[in-house]
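A short worksheet on the structure shown next.
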There are 2 protein chains.
Amino acid sequence: MVVDQLSDSEVDLLFHALADSTRRSIVVRAIGEEHSVSALAAHYAMSFAAVQKHVAVLERAALVTKEKRGREQIVRANPEAIRRARQLLDEYEKIWRQRVDRIADILAED
Amino acid sequence: MVVDQLSDSEVDLLFHALADSTRRSIVVRAIGEEHSVSALAAHYAMSFAAVQKHVAVLERAALVTKEKRGREQIVRANPEAIRRARQLLDEYEKIWRQRVDRIADILAED
DNA sequence: CTGATCTACAACCATTTGGTTGTAGATTAC
DNA sequence: GTAATCTACAACCAAATGGTTGTAGATCAG
């Protein structure tokens, strides 16, 4: 099955969002349980606004969603986005395996 | 098995390298067969130097290797790096599944 | 030898990124 | 009502990114 319904620029956003250790850490926390933005920010040696921006990057990539609850914004990870990124890499590995098979076939012809 | 032996900054390089459609396209071409840098550059609407830089980004991330052959540099994809990126995302999915199981257990206690 | 090809690398530029501080609007607690 | 908390967002800044052109060194072809 092909990883469709993701445009090039969406994939760009997805991998870009994952290319930062603070953001990956936020995703892991948000997978484990719900957190408000300020609860997340408490864990990092940077300003609240900086963490807010990181969450916004993750949100643009659909790796997390935000939901307002009272005065807080609850951040939740979206495992579907993670799955799509993984499937993309699966595709690349599949292409590689096809190449290996193809070369094996050519060698077998001798 | 845990995806170890990859530091945070190496993972940064890996996902950053994948966060550009030109670079992903180069990786796919290089998986399929060997290409010189100029052969790769012929496919893109940008300068040779720009493609050279993209290849350098992929090389820093270990997604491709370069080997000098005569006056050419042969670019080859490194499927191991792709596998490691996928394994990282597998870890995240595993954490998610553990959470789902844990919540199911809590609910089952009632 | 000469010219064409392939690469490396520097210098430059516009835009994006990742951080900061500051201000202001909602919501909650007392 | 007042104070504290949580968030949003603007303005600013240094550094990185993604592109360009230009120059120069190797290697190959004739």
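Owing to the predicted nature of the structure, the values given are computational and were not obtained by experimental measurement. By convention in this document, chain letters (A, B, ...) are assigned in the order of the sequence lines, proteins followed by strands, and residues within each chain are numbered from 1.
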(message) Five pairs per end, C1' atoms only: what is the angle between the end axes of the helix from C:dC1-D:dG30 to C:dC30-D:dG1, to 10 degrees?
(response) 30°
(request) Mind calculating the distance between CG (A:Leu58) and C1' (C:dG18) to the nearest angstrom? (result) 13 Å
(message) I want to verify a distance call: between D:dG19, D:dT7, C:dA8, whose nearest atom is closest to the B:Met46 side chain?
(response) D:dG19
(request) Give a yes or no on whether the backbone of B:Asp12 and the side-chain of B:Ser9 come within a donor-acceptor separation of less than 3.5 Å. (result) no
(message) Counting only side-chain nitrogens and oxygens, does A:Gln52 get under 4.0 Å of the OP1 or OP2 atom of D:dA8?
(response) yes
(message) Distance check needed: D:dT7 C1' versus A:Glu59 CD, whole Å only.
(response) 13 Å
(message) For the residue pair A:His35 / A:Arg29, report whether a side-chain donor-acceptor contact shorter than 3.5 Å exists.
(response) no
(request) Please confirm whether the backbone N or O of B:Val64 pairs with a side-chain atom of B:Asn78, one donor and one acceptor, at under 3.5 Å? (result) no
(request) Please work out which residues in residues 35-43 of chain A have a non-hydrogen atom less than 4.0 Å from an atom of DNA chain D and list them by number. (result) A:Ser36, A:Val37, A:Ser38
(message) Using heavy-atom distances to pick each residue's nearest nucleotide on DNA chain C, tell me which of A:Val51 and B:Gln73 is more 5'.
(response) B:Gln73
(request) Output, in order, the C-alpha distance, side-chain angles, deciding distance and verdict of salt bridge (Lys or Arg N to Asp or Glu O under 4.0 Å) for B:Arg69 and B:Glu72. (result) CA-CA 5 Å; B:Arg69 195 155 70 194; B:Glu72 296 184 330; 5.5 Å; no
(request) Would you confirm whether B:Arg60, through its side chain, and B:Val55, through its main-chain N or O, come within 3.5 Å as a donor-acceptor pair? (result) no
(message) Could you tell me how far apart B:Arg60 (CZ) and D:dA16 (P) are, to the nearest whole angstrom?
(response) 10 Å
(message) Out of the candidates B:Gln87, B:Lys94, B:Arg86, only one should pair with B:Asp90 under the side chain to side chain donor-acceptor pair (under 3.5 Å) rule; please name it.
(response) B:Arg86
(request) Figure out the CZ/C1' separation between A:Phe15 and C:dT16, and round it to whole Å. (result) 20 Å
(request) Starting from C1' on D:dA4, measure out to CD on A:Glu72 and report it in whole angstrom. (result) 14 Å
(message) Give me the atom names and distance for the closest heavy-atom approach of B:Pro79 to A:Trp96.
(response) CG-CE2, 3.3 Å
(message) Please check: side-chain N/O of B:Arg76 versus main-chain N/O of B:Thr65, any donor-acceptor pairing under 3.5 Å?
(response) no
(request) Using heavy atoms to find the nearest nucleotide of DNA chain D for A:Ile74 and A:Lys53 separately, return the residue whose nucleotide is more 5′. (result) A:Ile74
(message) As a quick check of understanding, evaluate side-chain contact (heavy atoms from CB on, under 4.5 Å) for A:Val75 and A:Val37, giving each step before the final call.
(response) CA-CA 7 Å; A:Val75 178; A:Val37 179; 3.9 Å; yes
(request) Identify whether B:Ile95 and A:Leu14 are in the same connected component of the hydrophobic contact network (ILVMFWY, side-chain heavy atoms under 4.5 Å). (result) yes
(message) Checking the side chain of B:Arg99 only, and the main-chain atoms of A:Ile31 only, is there a donor and an acceptor separated by less than 3.5 Å?
(response) yes
(request) Identify the two heavy atoms, one from B:Ala17 and one from B:Arg23, that lie closest to each other, and give their separation to 0.1 Å. (result) O-NE, 2.9 Å
(message) Is B:His16 close enough to D:dG18 that one of its side-chain N or O atoms is under 4.0 Å from OP1 or OP2 there?
(response) yes
(request) Would you kindly give the CD1-to-C1' distance between B:Ile26 and D:dG18, to the nearest whole Å? (result) 12 Å
(request) Provide, to the nearest angstrom, the distance between the CG atom belonging to A:Leu18 and the P atom belonging to C:dG18. (result) 12 Å
If you restrict it to nitrogen or oxygen atoms, what contacts under 3.5 Å exist between nucleotides 21-29 of chain D and the protein, and what is each distance?
residue: D:dT27; atom: O2; partner: B:Arg71; partner atom: NH1; Å: 3.4

(message) Using whole Å, what does the distance between atom C1' of nucleotide C:dG18 and atom CZ of A:Arg23 come to?
(response) 8 Å
